[in-house]
Every structure is written in structure tokens, then in C-alpha cells.
2 protein chains.
Amino acid sequence: MNETLNSVLSISAVERETGLSKDVLRKWETRYGFPSPLRDNLGERAYPLAQVDRLRLIKRLMDMGMRPSRLVNESDENLNALALASQTPQAKVNDGDVEKLTLDKLRRQDPSGLRQLLYRELMRQGIQRFVQDTLTPLNHAIGEAWACGELSIHEEHVYSEAVQGLLRDTIAKLSDYQGTPRVLLTTLPDEQHGLGLLMLAAVLSLRGAYCISLGTQTPVQDIVEAAEAHRADVVALSFSNAYPQRRILPALEELRQRLDGEVEVWAGGAGCARLHSAPSTNFQLMPDIDQTLVALTRWQSAHQDQAEVN
Amino acid sequence: MNETLNSVLSISAVERETGLSKDVLRKWETRYGFPSPLRDNLGERAYPLAQVDRLRLIKRLMDMGMRPSRLVNESDENLNALALASQTPQAKVNDGDVEKLTLDKLRRQDPSGLRQLLYRELMRQGIQRFVQDTLTPLNHAIGEAWACGELSIHEEHVYSEAVQGLLRDTIAKLSDYQGTPRVLLTTLPDEQHGLGLLMLAAVLSLRGAYCISLGTQTPVQDIVEAAEAHRADVVALSFSNAYPQRRILPALEELRQRLDGEVEVWAGGAGCARLHSAPSTNFQLMPDIDQTLVALTRWQSAHQDQAEVN
DNA sequence: TCAATCTATTTGTCCAGGACAATTAATGAA
DNA sequence: TTCATTAATTGTCCTGGACAAATAGATTGA
């Protein structure tokens with residue numbers, strides 16, 4: 001059932017490696033003629049590595065908003081060209097050019113140098129500016145560098161580990177058990193990107209909130225239970241661009257329904273930025289940190305009286 | 001296509017929430033008559049929450065080695081009884097009974113108290129004993145407490161966040177860029193449990209190895225690239241009990257094949273303990289930390305000469 | 001009695017190909 | 001141009017059948 005020698009993968013292996021579901025892989029095959037896997041002696045699909053690489057690249061581009069029919073039958077060169085072309089020219093230039101230095105450290109495989117660099121920036125700017133002015137554009141830049149092949153995925157992993165370590169450390173030091181509101185942070189299953197979450201937690205902690213982080217990929221049921229157990233005032237979710245757009249609102253609706261009415265639902269992350277529809281009053285979309293801070297301030301002043309009563 | 005109101009979930013939602021694949025959900029339905037989802041107006045399966053809870057419990061028990069046919073048609077009471085019965089009476093009693101204290105902190109929703117407790121233990125025992133004598137049985141205990149419903153999943157999340165934070169911190173302080181061997185640590189896709197990885201990294205760092213952590217769920221292709229880029233001497237993978245047994249060896253074989261022959265492959269974690277078969281010379285299984293340390297010592301003495309030559 | 005080999009059952013994964021709603025693109029009217 | 005309607009695209013779901021790998025049970029030999 002599995003890839004016997006080297007150089008071919010089973011359909012479930014490809015699903016795991018590319019993030020494209022088995023159904024999608026099979027449909028593309030009949031609809032577009034790509035991928036066109038070999039068959040093993042059992043008649044089961046066996047994908048050559050070259051095709052898997054190509055699928056990975058296509059997935060990248062799709063996460064950036066392109067459509068499969070455009071991509072699937074394009075030549076390899078055109079595909080790479082598209083990846084390059086889709087780079088957003090980043091207007092914002094960092095003072096000191098942290099971006100270049102970061103990329104440099106990553107390419108030289110120097111994680112401790114990277115950690116040092118980031119720590120220095122954090123100390124120089126303070127948490128909030130660091131997160132907003134340095135980390136946010138930096139994440140962007142890293143993501144794009146990866147998307148057009150300038151950086152390999154493991155270098156991105158190293159980056160994200162470094163940032164996570166730094167932020168966790170910072171949050172732990174700021175954490176105040178008595179803080180308000182009590183914010184529960186996590187992502188839904190299928191959403192693995194926890195970086196935004198940590199950035200949020202850092203800024204919120206700084207402003208006096210008490211953050212409970214559940215890490216990534218928490219099933220809805222568990223979120224509901226956790227919110228109750230921790231007596232959370234707010235449940236904050238993060239959605240990256242990779243999260244399927246059309247699932248965001250339904251998921252929020254469902255969560256909203258299952259949570260106690262007193263608990264607010266905040267949704268942040270780049271995935272929310274593209275949502276134009278239904279600014280429901282049941283929950284709040286906050287594509288950037290600023291808006292989250294506005295919400296925080298609103299919450300804190302709205303609950304001031306109550307705090308005095310207690 | 002999605003759960004309209006509350007109280008029912010689509011098949012893909014259930015897949016996400018329980019970890020049981022769509023294929024399995026459908027097969028169980030025809031084979032065992034459970035689950036028996038409703039149908040929405042489109043004829044698509046709609047799983048009531050009660051059934052999802054039951055599936056979750058069944059999955060828990062299966063991860064502990066039971067078989068579905070035994071479980072699926074059992075009454076709810078029997079299922080719970082089974083969960084309780086399957087607890088391994090933990091012979092090892094910790095001095096000071098850290099276990100009880102930890103459970104207590106978790107139940108009282110006191111993460112900072114927990115962190116303090118763990119930190120104190122770490123300082124008292126030193127890293128290696130802390131990891132081996134405290135953390136390992138503690139993980140066990142927490143896992144079991146969760147499996148029989150004494151602890152909810154979010155409490156487990158809180159525990160794991162606390163431990164991770166502590167370990168990351170420790171590792172960062174020990175990290176020596178010049179250390180040998182250079183060990184790349186990660187898990188394969190589908191394996192989310194990164195705790196063992198961190199424990200390993202802590203102990204290895206202490207013994208002078210240089211650890212590069214990629215976090216969890218790295219596709220094989222990326223592991224191969226990362227190993228090359230970081231000039232890793234060893235790739236260490238971790239498998240929990242939840243990882244499908246039968247996939248472990250093929251996955252290791254594949255990785256072995258795609259990696260440079262010089263690079264060693266180490267596989268650790270509870271998931272390996274049950275593997276009796278094929279002690280291949282191509283890679284090493286190390287169900288506990290002790291064996292990993294043996295391997296480390298072996299590596300270091302085998303490469304001593306070489307180090308002197310360089 | 002215990003261990004090892006063989007057989008039967010269980011179980012997860014895969015396949016084909018059809019259906020359909022939701023999304024996105026294209027078209028025409030105001 | 002802008003909005004609304006129609007057409008194409010695309011992901012997900014469905015059924016029901018096939019099969020190998022894993023496991024349990026039975027049988028045999030020491």
C-alpha cells in the first residue's frame with residue numbers, strides 16, 4: 001500500500017505532503033489530466049516526486065488566490081514566473097533593514113544569530129512596535145520569500161520557531177493572572193499557523209489582559225469547554241490565508257452558537273482581511289492588531305464599572 | 001454544506017473533530033451500524049453532537065490499543081468503564097507527589113502555579129532526571145486522566161503549553177552552535193505531539209548535541225532538504241501512540257532512502273515501543289530516553305577521532 | 001504447558017464515476 | 001460604469017465494491 005522504493009508516493013502520502021485532499025487529487029486527474037500518477041501493481045496511484053513538487057507549487061499559488069485551471073496546465077517555467085510575479089512589492093522599508101538581516105541569518109543557517117537579532121529589536125522597540133512594525137511585515141516577507149522559492153520550508157520553520165520562542169518567553173513574563181479580560185486564544189483544526197496568535201497574546205498581555213493559549217488546532221467542542229472552565233471573557237481565533245475562506249464564517253457562527261452569550265468571539269489574522277461579507281454583530285473580525293487593540297480598549301472600558309462593583 | 005444550526009456536524013467537520021477519516025466514518029456506518037447520522041436536505045450525513053462525543057471516546061480507546069468492533073456497539077456505560085479499566089496502575093510514585101499537585105493545579109485552572117511547580121522540580125532535579133523521572137510518568141498520567149474523562153482536553157492543552165514553555169526556555173539556554181552531533185528534530189505530518197521531541201532536545205542539548213527543532217508535522221521532502229541545509233548528522237523523529245502503527249516503518253524506510261547515507265535516523269516516542277519487528281540496521285528505534293542517550297554516546301565516541309582530525 | 005505456524009476475520013484505505021451547491025467569471029441591461 | 005443574471009468552475013459528498021495488512025483464533029509440535 002505504500003511507496004515501495006523511492007521516488008513515488010501513495011495518494012494519502014501526497015495528501016499529507018501537499019495538503020490537497022484525495023478527492024481533489026482524483027478530480028484534477030480526470031478534469032485536467034494533471035497530476036497523472038503511475039499505477040502500482042495493485043492499480044493504486046503512485047505519484048512521482050516531480051509531480052508532487054509541482055503540486056506543492058500549485059498549492060502555494062492557490063493559497064495566494066489563483067485558480068487551479070489556470071495553473072495546472074501551465075509549464076513549469078510559467079509557474080515559477082507566476083510565483084515571482086505575485087510578490088507584493090513591500091512598500092514599508094524597515095529602519096535598519098531587519099528583513100535583509102533575517103533572511104541572511106536564515107540562509108546561513110544561523111538560528112542563534114537570528115534569535116539574537118530579534119531579541120535586540122524587541123528590546124529596542126518595545127513589544128507593541130516590535131510586533132506591529134517589525135514582526136508583521138517580516139512574516140509577510142518570509143512567507144513570500146518562501147512562496148517564490150527563495151527560502152525553503154525548513155528555513156521558514158526555523159524562523160517561526162525563533163519567533164515563537166521569543167514571544168512565549170515575553171508573554172510568560174507579562175502574564176498576570178488577575179488581568180482582564182480573560183482571553184482564550186487558539187486556532188481551529190486545519191489551521192496550523194500559531195504565530196499570529198502569539199503576537200496577539202503578547203500585545204494583549206502588555207495591555208493587561210490575561211491570555212490563555214491553547215496552542216493550535218483545537219476542536220470546537222474543546223474550545224467551548226475550555227472557555228467555560230477558564231471563565232474566558234473572550235475567545236480569540238486566528239485564521240491564516242491558507243485557511244479555506246468559505247469555512248471561516250460558518251465556523252464562527254457555530255462557535256458563537258455553542259458559546260455562552262456573554263463570551264465575545266474575536267477573529268483575527270490575514271485570512272479575515274479578505275472577508276467582505278456580513279459584519280455580524282455576533283462576533284468581530286479584526287484583520288490587524290490595531291483593531292484588536294480597539295476592541296480590547298472597548299471591552300475594558302465597558303467592563304470598568306462592573307469591575308468596581310466586584 | 002455545513003452544519004446549519006447547532007447540534008449537527010458535517011462529515012468533514014467530524015473528521016476534523018475526531019481524527020477519524022471520512023472513509024472510516026462511512027465504513028463503520030455500513031459495517032457496524034454506528035455512527036448513524038441523520039441526513040440533511042441534500043442527502044448528506046449530519047452527525048448529532050452526541051454521536052460525535054461517542055466517536056471521540058471510541059477514538060481515545062482505540063489509541064490505547066482496542067479494536068473498533070469491540071467498542072462500537074458497547075453501551076455508553078461500558079465504554080466509560082473500559083476507559084477507567086484500561087488505566088495502567090502507575091507503579092512509580094513520585095517523591096513529593098508532583099503528579100497530584102499537577103492535576104490539582106490543572107483542575108483549579110492555575111497555569112502560573114503549574115509553571116512554578118514544574119520549574120521548581122526542574123531546578124531540584126536537574127534536566128535529565130526531571131525529564132526522565134518526573135515528566136515522562138507525568139505525561140503518562142495526564143494522558144490517562146484525559147482518556148478516562150478526569151481531565152478535559154483543554155486542561156491537557158494547558159499542561160502541554162506549560163511544559164513546552166519550560167523546555168523551550170531550557171533548550172535555548174543550553175544551545176551550543178558548535179555541539180555535535182547536529183540533530184534535526186521533528187515529527188511527520190499527522191503527528192502533532194511535539195512534547196517528546198522537546199524532552200529529547202533538552203536532554204540531548206545537555207549532553208552537548210546541537211539540536212535543530214523544526215516543530216511538528218514536517219513533510220518528508222522538507223525534512224530531507226532541512227537535513228541537508230543544516231548539515232545534520234542525525235534526524236530524530238518522534239511517534240506518539242496515536243500515530244498509526246503500520247505507517248511507522250514504511251515512513252522510516254522512505255526517509256532513510258531519501259536521506260544521505262551518512263545521516264542517521266533515530267525514531268523515538270511511545271509509538272515505537274510497540275514495534276517488535278525488523279530491527280533494521282538502517283535506522284534505530286529508541287522507545288525511551290535512556291536508549292537515545294546510549295545512541296548519542298555511541299555516536300559521539302565513534303566520531304571522536306574524526307573530530308580530532310578536522 | 002508453551003511456543004510457533006497457519007487460517008480466518010477484521011479493518012483501513014483505495015477506486016470509479018456520478019451528483020450537486022457554492023464560488024467565480026462572463027454577459028447583458030440599466 | 002455598475003449591478004444583476006447566466007454560465008463555467010471547483011470542491012466536497014455519495015454509493016458500493018475490492019483488497020492487503022493487521023489481528024485473533026485454531027492447530028500443531030516440542
Side-chain angles (χ1 to χ4, degrees), chain A residues 1-4 8-16 18-34 37-47 58-59 61-63 65-73 190 243-250 274-278, chain B residues 1-4 8-16 18-34 37-47 58-59 61-63 65-73 190 242-251 274-278:
Chain A
M1 66 143 283
N2 234 305
E3 43 283 5
T4 46
V8 292
L9 300 185
S10 73
I11 192 170
S12 51
V14 176
E15 176 182 43
R16 265 177 290 150
T18 65
L20 296 164
S21 79
K22 291 170 195 138
D23 274 329
V24 166
L25 287 169
R26 286 193 275 253
K27 275 299 174 236
W28 283 11
E29 188 178 333
T30 59
R31 279 180 187 158
Y32 315 123
F34 183 87
L38 313 172
R39 297 293 175 135
D40 65 11
N41 46 8
L42 267 154
E44 305 196 340
R45 276 164 252 255
Y47 296 82
I58 291 174
K59 178 69 183 342
L61 291 166
M62 290 201 5
D63 284 345
M66 307 203 178
R67 312 210 69 195
S69 58
R70 287 268 177 85
L71 301 169
V72 157
N73 287 312
D190 281 8
Y243 196 88
Q245 296 275 324
R246 98 193 74 95
R247 256 200 246 143
I248 297 182
L249 287 176
R274 285 201 213 151
L275 286 178
H276 14 266
S277 61
Chain B
M1 69 146 281
N2 233 305
E3 45 282 2
T4 44
V8 292
L9 300 185
S10 73
I11 192 170
S12 51
V14 176
E15 176 181 43
R16 267 176 290 150
T18 66
L20 296 163
S21 79
K22 292 173 193 132
D23 274 329
V24 166
L25 288 169
R26 286 192 275 250
K27 274 300 172 233
W28 283 11
E29 187 178 333
T30 59
R31 279 180 186 157
Y32 315 123
F34 182 86
L38 313 173
R39 297 294 175 134
D40 64 11
N41 46 6
L42 266 155
E44 305 195 340
R45 275 163 253 254
Y47 296 81
I58 291 174
K59 178 70 181 349
L61 290 166
M62 290 203 2
D63 285 346
M66 306 200 181
R67 312 210 67 195
S69 57
R70 287 268 178 84
L71 302 170
V72 157
N73 286 311
D190 282 5
Y243 197 87
Q245 296 276 321
R246 98 194 74 95
R247 256 200 246 143
I248 297 183
L249 288 175
R274 286 201 215 152
L275 287 177
H276 14 267
S277 62

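Quick note: numbers below take in every heavy atom, side chains included, and nothing from hydrogens, waters or symmetry partners.
Between the P atom of C:dT11 and the NZ atom of B:Lys59 lies a distance of 16 Å, rounded to the nearest Å. Look at CG on B:Asp40: it is 12 Å from C1' on C:dC20, rounded to the nearest Å. One interatomic measurement links the two molecules: CG of B:Leu38 to P of D:dC14, which rounds to 13 Å at whole-angstrom precision. Between B:Arg70 atom CZ and D:dA24 atom P the separation is 7 Å, expressed in whole Å. Rounded to a whole Å, the CH2 atom of B:Trp28 is 9 Å from the P atom of C:dT11. The nearest whole Å value for the distance from the CG atom in B:Leu25 to the C1' atom in C:dT11 is 14 Å. Computed from coordinates, the A:Arg26 CZ to C:dT13 P distance equals 12 Å when rounded to whole Å. Atom CG of A:Leu20 and atom C1' of D:dG11 are 11 Å apart (whole Å).
Classification of A:Glu15 and A:Arg45 as a salt-bridged pair fails, no side-chain N sitting under 4.0 Å from a carboxylate O.
No contact: B:Thr30 has no heavy atom under 4.0 Å from any strand. When heavy atoms are screened at a 4.0 angstrom cut-off, A:Arg39 is found touching the sugar-phosphate backbone but no base atom.
When the nucleotides D:dC14, C:dT13, C:dT10 are ranked by their closest atom to the side chain of B:Arg67, C:dT10 comes out on top. Minimum atom distance to the side chain of A:Ser10 is reached by C:dC14, of the listed C:dC14, D:dT15, D:dG11. Closest contact between the side chain of A:Pro68 and the listed nucleotides D:dT10, C:dT11, C:dC14 involves D:dT10. Side chain of B:Val24, nearest nucleotide from D:dA24, C:dA16, C:dG12: C:dG12.
Expressed to the nearest 0.5 Å, how far CH2 of B:Trp28 lies from CG of B:Asp23 amounts to 12.5 Å. From B:Leu20, atom CG reaches atom CD1 of B:Ile58 across 8.5 Å, with rounding to the nearest 0.5 Å.
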Could you list, one pair per line, each protein nitrogen or oxygen that sits under 3.5 Å from a nitrogen or oxygen of nucleotides 16-19 of chain D, together with the distance?
unit_1, atom_1, unit_2, atom_2, d
D:dG17, O6, B:Lys27, NZ, 2.9

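Counting only heavy atoms from C-beta outward, the side chains of A:Ile11 and A:Arg26 approach each other to under 4.5 Å. Side-chain contact between B:Ser10 and B:Glu44: absent, with no pair of heavy atoms (C-beta onward) separated by less than 4.5 Å.
Between B:Ser69 and C:dT11 there is a side-chain polar atom (N or O) within less than 4.0 angstrom of OP1 or OP2. Regarding contacts with the backbone of C:dT11, a side-chain N or O of B:Tyr32 is found under 4.0 angstrom from either OP1 or OP2.
Looking at every heavy atom in both residues, A:Lys22 comes nearest to A:Ser12 through CE-CB, 3.6 Å. Considering every non-hydrogen atom in both B:Ala46 and B:Val8, the closest pair reads CB-CB, 4.0 Å.
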